[in-house]
Structure formats: structure tokens, C-alpha cells
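Here is how names work: the chains are called A, B, and so on, in the same order as the sequence lines, proteins then strands, and each is numbered from 1. None of the values given here were measured: they were computed from a predicted structure.
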Amino acid sequence: MRPRTDASRLPRDFFDRDVHAVARDLLGAHVSHAGVTVRITEVEAYGGVGDPGAHAFRGRTPRNAVLFERPGSLYVYFTYGMHFCSNLVAGPHGQGAAVLLRGAEVVDGEDLARVRRDAPGKPPVPARDLARGPARLAVSLGLSRPHNGLDTVAPDCPVRVTGRHADPDVPVRTGPRVGVTGPGGEGDSYPWRYWLEGEPTVSAYRPGVLRARRTQP
DNA sequence: CAATAGATCTTCT
DNA sequence: GAAGATCTATTGG
């Protein structure tokens, strides 16, 4: 038997490339943390400064500072008052580009993922929904604020990114990014969402919608 | 099944 | 002050 080649951590060079190449090649890769391993089936590319849909669009701020760290860094942000989403910073260094992890299949540690995802008194979450959607994925992996900024390339990093691109026989599909409003969302200019065709763990497409006001106009 | 509203709070303008 | 790279429950067809 040949030793498994997908057990090694993806190196800096993997991440220090164009964000679209990194996004495509992350499909089928594995991410492990805190006893759970997932296989990535859906991602989105965010181009950094110059990409109207990206957090880095208006340059570096305290919140998005990690986007400007070394490629391979983990950018975890808090949104909608209750959810965390995770990204892997891509190259070139300093541009602010990153790949949002949007959907994955739990391939190890399903019991742990279930503990994190199941709500008391409610029916159990179907297996395919454990990491379907960026916030659900972060919950299954146990990722939140303290993990922001971790360097996944480092040998001792608790977050491991392993494996390579997807099975060449499985087509990669592309489309507009989910939940992005205005320029950078729908339209032909930013079909920057990538997923593996036929995977049940790919999140449902939902156009960006402006939320209704909470207060009087 | 599709559409919508509510939850909840950080961030930047 | 307002919007946000979301999720869930609920309502309506």
C-alpha cells in the first residue's frame, strides 16, 4: 500500500495563488478541528480590495485585518449578531483575498458535530445539513472568535487543511455568490461561487436581499 | 415549496 | 444609525 498522500497539511504555496485557483482546489479538501473532519463541497472567492462584495473592499480595518495576513491564515468573522463564518486567506499576500467555506460533508467525528449542531428538544439535524451553509459548517468544526487569525500552515495549528482538489471526474460548477447584495452579487461579473456537482451538502442558492427596516423611516 | 419575518449584535459611517 | 458573506420557524399557495 502506498502511504496516503492527502494526509499532509496544505503548504503556504497552495494558498499563495490567485483566489479562484485556491477556491477550486479547495473543493474536495479536508478541514479538521476539535475532533471533526469535513470534506469541502462548496466555496466562494472574495477578491479583497476592489471586490465590492468583499469585507476587504474598503481596505484594512480592525475586523478584517486577518485578511491581510499570510495566505493560509484562518479568517473567522461574526455576523448577523449570532453566526460565525470561516475563510482561508489566499494570495497574493496583502491583497485581502480569501475563500469562504460555504458547504461541506462531515466525514469524521459526526457524533461531535451532532452535539454541536443539535438543539435540545428538537429533532436531530439530518447528516447532510450538519455543515451545509457557512455558519453551520463553522459550528460543526467548533470554530469561533478565538480561532480568527490562526495560521493553518503551521505544523502545530489546531486547524488542519489537508487533501487536494476534487475528483477530476466530478464537474465543478460556478454561479453567483450567495447573500451578496448590489455590485458583486448577482449579474455576470462575479460568478465566484464554486461547488461540486451533485453534492447534497451544497447550500441552497439564495439571492441577496436587503432586509426590511426595523425602525420607522 | 417559496416567500417572509425575527433573532441578535458587531462594525463602520 | 443601519446593514450585514445567516439560519430557522412560520405562513401562504
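- Between A:H55 and C:dA5, a side-chain N or O to OP1/OP2 separation shorter than 4.0 Å is present.
- A:R160 contributes no side-chain N or O that, together with a main-chain N or O of A:V31, makes up a donor-acceptor pair within less than 3.5 Å.
- Atom C1' of nucleotide B:dT10 and atom CZ of A:F84 are separated by 10 Å, given to the nearest angstrom.
- For A:T79, no side-chain nitrogen or oxygen approaches OP1 or OP2 of C:dT6 to under 4.0 Å.
- Whole-Å rounding puts the A:F78 CZ to C:dT6 P distance at 14 Å.
- Applying the 3.5 Å distance criterion, the base of B:dA7 shares no donor-acceptor pair with the side chain of A:Y80.
- A:V180 and A:F78 are not part of a single hydrophobic cluster, where members link through side-chain heavy atoms under 4.5 Å apart.
- Protein atom CG of A:L137 is 13 Å distant from nucleotide atom C1' of C:dA5, rounded to whole Å.
- Atom OH in A:Y190 sits about 15 Å away from atom C1' in C:dA5, given to the nearest Å.
- In the hydrophobic clustering of ILVMFWY residues, with side-chain heavy atoms under 4.5 Å counting as a link, A:Y75 and A:L143 come out apart.
- One finds a side-chain N or O of A:R136 lying less than 4.0 angstrom from the OP1 or OP2 phosphate oxygen of C:dT8.
- Note on A:R102: a side-chain N or O is less than 4.0 Å away from OP1 or OP2 of C:dT6.
- Checked against a 6.0 Å centroid threshold, the rings of A:Y46 and A:H55 do not count as neighbours.
- The CZ atom of A:R177 sits 14 Å away from the C1' atom of C:dG4 (whole-angstrom rounding).
- Checking side-chain atoms of A:T152 against main-chain N and O of A:G72 turns up a donor-acceptor pair under 3.5 Å.
- Hydrophobic clustering (ILVMFWY, side-chain heavy atoms < 4.5 Å, transitive): A:V178 and A:V43 are in distinct clusters.
- Formation of a donor-acceptor pair under 3.5 Å by the A:N87 side chain with backbone atoms of A:L101 is not found in this model.
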Check the interface with nucleotides 1-3 of chain B: list each N/O to N/O pair with the protein under 3.5 Å, or write none.
none

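- Listed nucleotides C:dT6, C:dA5, B:dA7 differ in distance to A:M82; the shortest reach to its side chain belongs to B:dA7.
- The listed nucleotides are C:dC7, C:dA5, B:dC12; the one nearest the side chain of A:P134 is C:dC7.
- Among C:dA5, C:dC7, B:dT10, the nucleotide with an atom closest to any side-chain atom of A:H83 is C:dC7.
- Considering only side-chain N and O atoms, A:K122 lies nowhere under 4.0 angstrom from the phosphate OP1 or OP2 of C:dT8.
- Counting only distance, with no hydrogens or angles, the side chain of A:H30 and the backbone of A:R39 share no donor-acceptor pair below 3.5 Å.
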Its dot-bracket string being built from Watson-Crick and G-U pairs below 3.5 Å, with | for another strand and [ ] for crossing, DNA chain C has the pattern ||||.|||||||.
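- Residue A:Y77 contributes atom OH, which lies 12 Å from atom P of C:dG4 at whole-angstrom precision.
- In this entry the distance linking CZ of A:F57 with C1' of B:dT13 reads 15 Å, nearest Å.
- A:R102 places no side-chain N or O within 3.5 Å of a backbone atom of A:E42 that could act as its donor or acceptor partner.
- Note: CG (A:L67) to C1' (B:dC12) measures 15 Å, nearest angstrom.
- Side chain of A:N64 to backbone of A:G59: a donor-acceptor contact under 3.5 angstrom is found.
- Regarding contacts with the backbone of C:dT8, a side-chain N or O of A:R117 is found under 4.0 angstrom from either OP1 or OP2.
- Listed nucleotides: B:dC12, B:dA7, C:dC7. Nearest to the side chain of A:R63: B:dC12.
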